[in-house]
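Keep in mind the model is a prediction, meaning the values are calculated, not measured. Numbered from 1 within each chain, the chains take letters A, B, ... in sequence-line order.
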Amino acid sequence: MNVTPQDAARALKDVDQVAGRSSTLRAYRAASPVFILWGLVWAVVNLCCDQWPGQAGGLWTAGDLVGFAGSIVIGSRMAGPERLNWRGVVTAAVVMAAAAAVVVLLRIRAVETLTALICLVVGAVYMVWGVWHGARIFILGLIIAGVSLAAGLLHPPHFYLWMAGAGGGALIVGGLWLRRL
Amino acid sequence: MAQAALNLVESDEIIHQSTRLRLMAALYPLPAGERLDFKQLKALSGATDGNLGGHLATLEKAGYVLIEKDFVGKKPRTRASLTKDGRRAFQRHLDFLRDILEHGQ
């Protein structure tokens with residue numbers, strides 16, 4: 001087979017592009033149900049916090065546990081238990097533990113500020129994830145961080161409804177966007 | 001010496017065809033047993049509906065991909081994955097291409 005160096009270079013460039021895109025789409029397929037799950041958690045918990053603001057701490061603890069457990073179940077269904085992404089699980093556990101430590105250390109009393117801070121950190125984590133695994137995840141993280149920062153700085157009159165709609169909604173719509181080819 | 005080096009690495013005319021090369025490249029990053037469906041393969045390879053099936057059949061006949069057909073509800077679904085032979089053959093072909101770049105012709 002007669003292949004010139006130019007043909008070889010073109011073919012290898014093609015391979016890199018297609019393989020890279022395949023890897024990115026695979027990351028999106030894995031992330032999509034997790035984003036949708038967390039969007040539902042954000043929406044439900046924030047709606048409940050709007051009704052019972054004094055229970056925000058307990059509501060978020062319960063919501064985080066549901067989200068975390070659900071993410072592990074989704075991950076193991078997609079990959080199979082022998083290929084469970086233990087690094088992903090540990091990363092999520094570390095982020096949640098660090099967030100809990102920040103809550104304790106800073107002794108922030110204003111629950112809304114605390115909520116916005118933790119959601120801002122989550123958005124930043126998604127942005128870092130997106131740097132390595134795809135632009136769409138980065139963009140979603142940027143939107144979540146922006147929504148949370150705006151909520152924390154501007155304290156809109158219906159803070160929890162804002163977080164449920166804008167934050168939870170962005171995660172759900174974003175998760176569906178990740179499924180598109 | 002360049003010719004001798006090239007002879008150590010085999011070329012693969014089945015894989016080298018541009019659409020089949022892109023199909024193999026799309027499947028290569030996936031872990032063993034993971035599959036892509038027709039729609040995903042079409043989007044990644046740029047193949048048309050008409051020729052995607054033909055190229056996949058060629059790769060299947062060579063033993064490089066495994067084609068699985070089932071139904072999701074009432075909709076038929078076709079999915080493909082790389083076989084072990086396919087993965088090895090693709091890697092050998094990449095080595096062949098890199099050797100050409102390194103040693104010229």
*Distance from B:I100 atom CD1 to A:Q6 atom CD, nearest 0.5 Å?*
10.5 Å
*Would B:Y28 and A:L25 show up in the same hydrophobic cluster when neighbours are defined by side-chain heavy atoms closer than 4.5 Å?*
yes
_Nearest 0.5 Å, please: how far is CZ in A:R10 from CG in B:L21?_
12.0 Å
_Quick one, B:H16 and A:V3 - any side-chain contact, counting heavy atoms below 4.5 Å?_
yes
_Minimal non-hydrogen separation, A:A19 against B:P29, with atom names_ = O-CG, 3.5 Å
*asked:* Using every non-hydrogen atom in the two residues, find where A:V18 and B:R22 come nearest and quote the distance to one decimal.
replied: CG1-O, 3.3 Å
*Do you know which two heavy atoms are closest between B:L101 and A:P5, and how far apart they sit?*
CD2-O, 3.3 Å
*Are side-chain heavy atoms of B:F90 and A:V15 found at a separation under 4.5 Å?*
yes
_Shared hydrophobic cluster for A:I118 and A:L47 (ILVMFWY, side-chain gaps under 4.5 Å)_ = no
_Report which part of B:L23 has an atom under 4.5 Å of a heavy atom belonging to chain A: side chain, backbone, both, or neither._
neither
*Out of curiosity, does A:V173 fall in the hydrophobic cluster containing A:L140 (side-chain heavy atoms, cut-off under 4.5 Å, transitive links)?*
no
*A:V45 with A:L120, same ILVMFWY side-chain cluster at under 4.5 Å*: no
_Shortest non-hydrogen contact between A:L181 and B:K39, atoms and distance_ = CD1-O, 3.6 Å
*Are A:L149 and A:L117 linked, directly or through other ILVMFWY residues, by side chains that come within less than 4.5 angstrom of each other?*
no
*B:Q91 atom CD: more than 12 heavy-atom contacts under 6.0 Å*: yes
